[in-house]
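Only one structure is covered here, and it is reproduced in the block below.
Note that these values count all heavy atoms, side chains included, but never hydrogens, waters or copies made by symmetry.
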There are 2 protein chains.
Amino acid sequence: MASEGTIRAIERMFRIAEFLGTRGPVGLSAIASSLQLPKSTVYRHLRTLEGQGYVVENEEKYTLSLRFLDLGERARGQHSEHQLAAEKVGELADRTAERAQFMIEEHGRAVYVHQQMGANAVRADTYPGKRVPIHTSAAGLAILSHYPPHRIDAIIDRHGLEAMTSRSITDPETLHDRLQRTRERGYSINDQGVIEGLRAIGAPVVGPEDTVVGGLSISGPINRMAGQRLGEELPSLLLGATNELELNITYQ
Amino acid sequence: MASEGTIRAIERMFRIAEFLGTRGPVGLSAIASSLQLPKSTVYRHLRTLEGQGYVVENEEKYTLSLRFLDLGERARGQHSEHQLAAEKVGELADRTAERAQFMIEEHGRAVYVHQQMGANAVRADTYPGKRVPIHTSAAGLAILSHYPPHRIDAIIDRHGLEAMTSRSITDPETLHDRLQRTRERGYSINDQGVIEGLRAIGAPVVGPEDTVVGGLSISGPINRMAGQRLGEELPSLLLGATNELELNITYQ
DNA sequence: GAGGATCGTTTCACCACGCGAAACGCTTAG
DNA sequence: CTAAGCGTTTCGCGTGGTGAAACGATCCTC
């Protein structure tokens, strides 16, 4: 875990912060025993986090502060593509009445940047900042389909091909096949690879110099994501929005 | 800045992260010279952040990763009140066509938790996680109005009463007067205290055991936030939503 | 109400670890 | 061809992060 020449205190701090993020408000001893760290060490870290305003203490329970949200929103707002993508996600959600999202790749994983629920959208436990294995999302597949092979293989080497359902892609062969079909078709299909009964289509958003800035996608239940709607209507809306977005990015 | 018994490396790390949050993608030397830190130190910190996935490097420029958004969203989602408040913010924005928000107090400052633009809402550079001096927002004043005096004074001692416009509250006397009027009236009014031409009304959201969980508020231009609408219509909507929210929180 | 368990806090001595000056290789500009 | 800038790497110093242990407060249990 700890690479060479990196700062251990900071790595520990993030372990503590991530632990606070998964388990709600929690006390010092619980953190120390869960992370197998001495109480005094955790105490010093929490005092530091609290002093910097990144942790809130309430009745001897510690919680993450919304300062992390501040940093996160700044991270999201820094790329102008992301803001332009938000509009298109809204349009897609409105016109299809499904759930639409814009994702990017970071460190080999797919990250939700924007998402919007349409009128009939199926709920999901996704939120901005959430990261999923890149090969299990339609937007992620779309992004990969525009990457050079060595970059795809590097991601596979780093993260493997974790299965989330029985329909997930699990070996490099089929992944490359799917990516090839995605390139031919112009858009990707994720058929129940992340949640049973859920299907999604995605398209890569290509910026200047053929760099992929992210992927747009539409998700819905398999009964509505089928037939002519899946084959023509939705791809047409998706590719139309993607094209407009690419133009907005290039000529902003 | 550096208190006693806290970890310097972590404080430096946040200085670097916050710097990346304000200035977009930036190189190593720019960070080092701006923060007056040795290049090798900044380099080690960036390597650590990158290794933990909290910073993304692209063509020798460093950017905050959306992992901060992940942590931030987790922080926001951890309190069930916040999720319940989101609905009410939506209702208020829809019904008033203005901008509505829910804020909480953290470390003596007011923090945006949820905000939604109504159809006629005036734009503002606010976003979830943004922090403002608590006495310059209607929701913040509403929260303060339910705090015991010693807690209010502690906040004044810590942060002072910074002015943002000529109409801002700047001395403790008038602040306490305004809070007294807020208590009598049942809602607070922020008259151009943060932006000229903008007026807002806010109400405290009180949970079990008389603890204040946050504040709801509605903001709009002074020409629409006036007369009978300001005196009756909007307060009635605001207090109605607040009351419903309080019930939802107590009997969830 | 005494005893025990558990909590957060504080102390303190050790030495790993974070630090920073300097050197290095590389690219770009003039 | 030189010079200035960049990110990277090295390395010895000394301090700052560490963790075992003790401490006092609080909360149960009997």
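- We find that NZ of A/K61 is positioned 14 Å from C1' of D/dT26, with the value rounded to whole Å.
- Proximity of a side-chain donor or acceptor of A/H114 to a complementary backbone N or O of A/A85 within less than 3.5 Å is not detected.
- Straight-line distance from the CG atom of B/L37 to the P atom of C/dG18: 16 Å, rounded to whole Å.
- Whole-Å rounding puts the B/N58 CG to D/dG7 P distance at 14 Å.
- Distance alone, capped at 3.5 Å, is enough to place a donor-acceptor pair between the B/S188 side chain and the B/A138 backbone.
- Under a 3.5 Å cut-off, the side chain of A/T242 and the backbone N or O of A/A203 do not form any donor-acceptor pair.
- In this entry the distance linking CG of A/L35 with P of D/dG19 reads 13 Å, nearest Å.
- A donor-acceptor pair is defined here as one N or O able to donate and one able to accept, closer than 3.5 Å; such a pair exists between the side chain of B/Q78 and the backbone of A/G21.
- Rounded to an integer number of Å, the gap from CG of A/L28 to C1' of C/dC7 is 8 Å.
- Residue pairs meeting the side chain to side chain donor-acceptor pair (under 3.5 Å) criterion with at least one partner in residues 142-155 of chain A, sequence neighbours excluded, are A/E105-A/Y147, A/Y147-A/R151.
- Checked against C/dT9, D/dT8, D/dG7, the side chain of B/Y43 finds its nearest nucleotide in D/dT8.
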Nucleotide N/O to protein N/O under 3.5 Å, stretch nucleotides 25-30 of chain C:
none

Using residues 106-113 of chain B as the side-chain source, report each donor-acceptor pair under 3.5 Å to any protein atom, sequence neighbours left out, with the distance given to one decimal.
{"residue": "B/E106", "atom": "OE1", "partner": "A/S65", "partner atom": "OG", "Å": "2.8"}
{"residue": "B/E106", "atom": "OE1", "partner": "A/L66", "partner atom": "N", "Å": "3.2"}
{"residue": "B/E106", "atom": "OE2", "partner": "A/L66", "partner atom": "N", "Å": "3.1"}
{"residue": "B/H107", "atom": "NE2", "partner": "A/V55", "partner atom": "O", "Å": "3.0"}

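- Panel note: side chain B/T250, backbone B/E246; a donor-acceptor pair is recorded below 3.5 Å.
- In this entry the distance linking CD of A/E60 with P of D/dT26 reads 10 Å, nearest Å.
- Judged purely by atom type and a 3.5 angstrom limit, B/K39 has no side-chain atom pairing as donor or acceptor with the backbone of B/I31.
- Within the 3.5 Å criterion, the main-chain N or O of B/I7 finds no donor-acceptor partner in the side chain of A/R44.
- Overall, the helix from C/dG4-D/dC27 to C/dG30-D/dC1 carries an axis bend of 30° between its ends, with five pairs at each end and the value rounded to 10°.
- One interatomic measurement links the two molecules: CD of A/Q36 to P of D/dG19, which rounds to 12 Å at whole-angstrom precision.
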(message) Applying side-chain hydrogen bond (donor to acceptor under 3.5 Å, both in side chains) to B/E11 and A/T48, what does each step give before you reach the verdict?
(response) CA-CA 7 Å; B/E11 289 164 354; A/T48 308; 5.3 Å; no

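- In this entry the distance linking CD of A/E57 with C1' of C/dT9 reads 11 Å, nearest Å.
- In terms of polar N and O atoms assigned as donor or acceptor, the side chain of A/K39 comes within less than 3.5 Å of the base of C/dG8 in a complementary pairing.
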Close N/O contacts between protein and nucleotides 14-18 of chain D (under 3.5 Å):
{"residue": "D/dG17", "atom": "OP1", "partner": "B/R8", "partner atom": "N", "Å": "2.8"}
{"residue": "D/dG17", "atom": "OP1", "partner": "B/A9", "partner atom": "N", "Å": "3.3"}
{"residue": "D/dG17", "atom": "OP2", "partner": "B/T6", "partner atom": "O", "Å": "3.4"}
{"residue": "D/dT18", "atom": "OP2", "partner": "A/R44", "partner atom": "NH1", "Å": "3.4"}
{"residue": "D/dT18", "atom": "OP2", "partner": "A/H45", "partner atom": "NE2", "Å": "3.1"}

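- Residues passing the side chain to side chain donor-acceptor pair (under 3.5 Å) test with A/Q115, sequence neighbours excluded: A/T126.
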